[in-house]
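The structure appears below as structure tokens.
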2 protein chains.
Amino acid sequence: MNPELSLRRNAVDHDPALQDIGAQIAQARRSAGLTQEQVANLAGITRPRFRDIEKGIAAARTSTLLNIARAVGLEVMLIPQSLMPAVRALLQQSDDDDQPAFVAEPDEGPDAGMG
Amino acid sequence: MNPELSLRRNAVDHDPALQDIGAQIAQARRSAGLTQEQVANLAGITRPRFRDIEKGIAAARTSTLLNIARAVGLEVMLIPQSLMPAVRALLQQSDDDDQPAFVAEPDEGPDAGMG
DNA sequence: TGAATATGATCTGTAAACGGATCATCGCTA
DNA sequence: TAGCGATGATCCGTTTACAGATCATATTCA
């Protein structure tokens, strides 16, 4: 009774940390130009399962997470909490050089932008 | 037959990447001065289960891995493979700072060193 | 229009990560 | 020697990440 008081994790109770990891995987997958099915095959799981993981619905096993990360060009690393700011700065910095300040649009007239 | 040719993952076939993660967790746990039981409680699992994970025998769920990492002062991060050398350099550097170039020995005379 | 592709979603079974209990072994200290 | 804490290890039952199949919903393109 009183399911609100239960400590049990329901299927609806999605961990935000899992969703965050799923979002990072999804972004890396799109950056790599891969479909869900391709990554699922590379990681040795099925597409429905990979979808659940990308959505943060399911908590993949560590071995599966390693395979997925590598398939999309990422690596799972355990970082001391004290070094997280430095690592974040490193990631942020490389993100900044990745993209120029404004992106060249392939198919719009010269007066289409920034109206 | 020819078990070497089989693609199947047996229970005996322990993934070295899992063992590596387990070793990192064990080292961080000892650095934090925590017992297996303490970390297991902090992570919300039982001690036998945590032992399996630390040994690399079992592949913890991602949610469990996150809880364990935080319990021992670590964080799970997804790093682009291209940035791994930089991150490794960062970890190596802070490891070097942790320990002075030579360790003061508690019980040796002044003429004992660098003979 | 329709075909092809990518993604969302649900179903039935199975394998493995979980809880909980139990016992053994090792190292340390009184 | 006995006692205690930490770790190694195995048992059974439950939960859930998995496989595999199926159907629906865009979206794109001929």
Side-chain angles (χ1 to χ4, degrees), chain A residues 3 6-15 17-72 76 106-108, chain B residues 3 6-72 76:
Chain A
S6 169
L7 292 180
R8 177 175 117 75
R9 300 270 169 193
N10 313 16
V12 226
D13 173 25
H14 296 160
D15 189 340
L18 281 186
Q19 293 182 356
D20 186 68
I21 287 182
Q24 291 182 53
I25 291 171
Q27 180 176 347
R29 175 178 65 82
R30 296 190 199 100
S31 296
L34 297 171
T35 68
Q36 290 181 344
E37 192 164 24
Q38 286 173 326
V39 175
N41 290 338
L42 288 170
I45 63 175
T46 59
R47 188 181 63 83
R49 234 37 55 201
F50 175 71
R51 175 192 158 272
D52 290 347
I53 294 167
E54 221 183 44
K55 288 275 178 185
I57 295 173
R61 296 174 195 159
T62 298
S63 51
T64 300
L65 181 65
L66 292 170
N67 291 334
I68 290 175
R70 288 166 183 163
V72 298
V76 177
D107 202 16
E108 294 193 32
Chain B
S6 170
L7 291 179
R8 178 174 117 76
R9 300 269 168 192
N10 314 22
V12 228
D13 172 24
H14 295 161
D15 190 339
L18 281 187
Q19 294 181 356
D20 187 67
I21 288 182
Q24 291 183 53
I25 291 172
Q27 180 177 350
R29 175 178 65 82
R30 295 190 200 100
S31 295
L34 296 171
T35 67
Q36 290 181 344
E37 192 164 24
Q38 286 173 326
V39 175
N41 289 338
L42 288 170
I45 62 175
T46 60
R47 188 181 63 81
R49 234 37 56 198
F50 175 71
R51 176 192 156 271
D52 290 347
I53 295 166
E54 221 182 46
K55 287 279 177 184
I57 295 172
R61 296 172 194 159
T62 298
S63 51
T64 300
L65 181 65
L66 292 171
N67 291 333
I68 289 175
R70 288 168 184 162
V72 298
V76 177

To the nearest angstrom, how far is B/I21 atom CD1 from C/dA17 atom P? 14 Å
Whole angstrom value for the distance that separates P of C/dA17 from CD1 of A/I53: 14 Å
Can you list the residues that meet the side-chain hydrogen bond (donor to acceptor under 3.5 Å, both in side chains) rule with A/D52, with sequence neighbours excluded? A/R49
Applying side-chain hydrogen bond (donor to acceptor under 3.5 Å, both in side chains), name anything that partners B/R70, two or more places apart in sequence or on another chain. B/E75
Please confirm whether the shortest side-chain N or O distance from A/T64 to OP1 or OP2 of D/dC18 is below 4.0 Å. yes
Detail all sub-3.5 Å separations between protein N/O atoms and N/O atoms belonging to nucleotides 9-12 of chain D.
| from | atom 1 | to | atom 2 | distance (Å) |
| --- | --- | --- | --- | --- |
| D/dA9 | OP2 | B/R51 | NH2 | 2.4 |
| D/dA9 | O5' | B/R51 | NH2 | 3.3 |

Using atom CG of A/N67 as one end and atom C1' of D/dC18 as the other, report the distance to the nearest whole Å. 13 Å
Whole Å only: how far is the CZ atom of A/R61 from the P atom of C/dA15? 11 Å
Between residues 26-42 of chain B and DNA chain C, which residues have a heavy-atom gap below 4.0 Å? none
Can you name the residues that form a side-chain hydrogen bond (donor to acceptor under 3.5 Å, both in side chains) with B/Q24, not counting sequence neighbours? B/D20
With each end axis built from five pairs of C1' atoms, what bend angle do you get for the helix from C/dT1-D/dA30 to C/dA30-D/dT1? Round to 10°. 30°
Sub-3.5 Å donor-acceptor pair from the side chain of B/R29 to the main-chain atoms of B/V72, do we have one? no
Between atom CD in B/E54 and atom C1' in C/dA17, what is the gap in whole Å? 17 Å
Please state how far atom CZ in A/F50 lies from atom P in D/dG20, giving the value in whole angstrom units. 17 Å
